[in-house]
Amino acid sequence: MSQQSASFKPKTVSSVLKLHLKNEKVTVKKRPLCLVTELMRIFSKEALTRAADQAKNEGDSQVTLEHFEKILPQLLLDM
Amino acid sequence: MQRQGDEGSSAMDLNHEQRLKAATYYSIKQISKEVEEDMEVSFNPQILALLNESLHRQTESWAIDLENFAKHAKRTDVNLADVRLLARRNNTLLAHIDSLIEEMNATETENKQQKDGKKERGKKRKATSEVDPDEC
């Protein structure tokens, strides 16, 4: 799956989700948790890749906040 | 990232949410190293902080969505179908999620076959529904 590339720890993801759940009775089992972890990994990787692309298109090798700000709206729409 | 009690008093002062943000920041840093290598660019550290913040906002809305999807189906546990609904608007992402679900189902049946082979270990298998800190 995603073992080769860097990803988040399922335990961290579980804690983050629990932080935001309104109803304490709601639980997230292992397999759905893995999928949410993968979603978070994709979100981060996609954001960084798009920002890097944006910087390259503008001829920079240093990615700055300006590049990130440009790709953020479309990224949020795509997720 | 294992957070130990003897990590130092400054780390202990952080509240729960800040510690979680530190943990995700660490993972984002690792992912950024991969992208830096692949694309031969370098990221301003501010980007990682901003991305971390965006990720937390995004995860918050995911958590609320998941909770409501489960509630709508009159369940109290979030299952795979709920996570599929999160990705419903992005077809490529949905296809990716589906392939992962299929992969999970494949390993599941494999495990079941192994379990049938040695029934005395059946009790241990029940632990797989618990959260494993390291593996997915």
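Per chain, numbering begins at 1; letters A, B, ... match sequence-line order.
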Search all heavy atoms of [X] against all heavy atoms of [Y] and return the closest pair with its distance.
| X | Y | value |
| --- | --- | --- |
| A:Leu21 | B:Ala63 | CD2-O, 3.5 Å |
| B:Ser27 | A:Ser7 | OG-O, 3.6 Å |
| B:Val41 | A:Ala52 | CG2-CB, 3.7 Å |
| B:Leu51 | A:Ser44 | CD2-O, 3.9 Å |
| B:Leu55 | A:Phe43 | CD1-CD2, 3.3 Å |

Please check if the side chain of [X] supplies one atom and the backbone of [Y] the other of a donor-acceptor pair under 3.5 Å.
| X | Y | value |
| --- | --- | --- |
| B:Glu34 | A:Ala6 | yes |
| A:Lys45 | B:Ser32 | no |
| B:Asn90 | A:Asp78 | yes |

Option that, when pairs with chain B are counted at under 4.5 Å, heavy atom only, ranks first among [options]:
| options | answer |
| --- | --- |
| A:Leu19, A:Leu75, A:Asp60 | A:Leu19 |
| A:Leu17, A:Leu39, A:Leu72 | A:Leu39 |
| A:Thr49, A:Leu48, A:Thr64 | A:Leu48 |

Calculate, to the nearest 0.5 Å, the distance between atoms [atom1] and [atom2] belonging to [X] and [Y] respectively.
| X | Y | atom1 | atom2 | result |
| --- | --- | --- | --- | --- |
| B:Ser61 | A:Met79 | OG | CE | 10.0 Å |
| B:Thr59 | A:Met40 | OG1 | CE | 4.0 Å |
| A:His67 | B:Asn44 | NE2 | CG | 10.5 Å |

Check: [Y] and [X] side chains under 4.5 Å, non-hydrogen atoms:
| X | Y | value |
| --- | --- | --- |
| A:Leu35 | B:Leu80 | yes |
| B:Phe43 | A:Gln62 | no |
| A:Lys29 | B:Val78 | no |
| A:Phe68 | B:Gln46 | no |
| A:Asp53 | B:Met39 | yes |
| A:Val13 | B:Thr24 | no |
| A:Arg31 | B:Ile101 | no |

Does any backbone or side-chain atom of [X] lie under 4.5 Å from a heavy atom of chain A? Answer side chain, backbone, both or neither.
| X | result |
| --- | --- |
| B:Asn68 | neither |
| B:His56 | both |
| B:Ile31 | both |

Residue part contacting chain B, namely of [X], when any heavy atom lies under 4.5 Å:
| X | answer |
| --- | --- |
| A:Lys56 | side chain |
| A:Leu77 | neither |
| A:Ile42 | side chain |
| A:Leu65 | both |

Residue among [options] with most heavy-atom pairs under 4.5 Å to chain A:
| options | value |
| --- | --- |
| B:Gln30, B:Arg89, B:Glu60 | B:Glu60 |
| B:Ile47, B:Asp82, B:Val83 | B:Ile47 |
| B:Ile28, B:Leu48, B:Leu66 | B:Ile28 |

Please lay out, stage by stage, how B:Glu40 and A:Ser61 fare under the test side-chain contact (heavy atoms from CB on, under 4.5 Å).
-> CA-CA 7 Å; B:Glu40 291 162 350; A:Ser61 65; over 6 Å; no
If you group Ile, Leu, Val, Met, Phe, Trp and Tyr by side-chain heavy-atom gaps below 4.5 Å, do A:Val36 and B:Leu94 land in one group?
-> no
Judged by modelled atom types alone, do B:Glu67 and A:His20 share a side-chain donor-acceptor pair under 3.5 Å?
-> no
Would you indicate whether B:Arg88, at its atom CZ, is surrounded by more than 12 heavy atoms from other residues, nucleotides or ligands within a distance under 6.0 Å?
-> yes
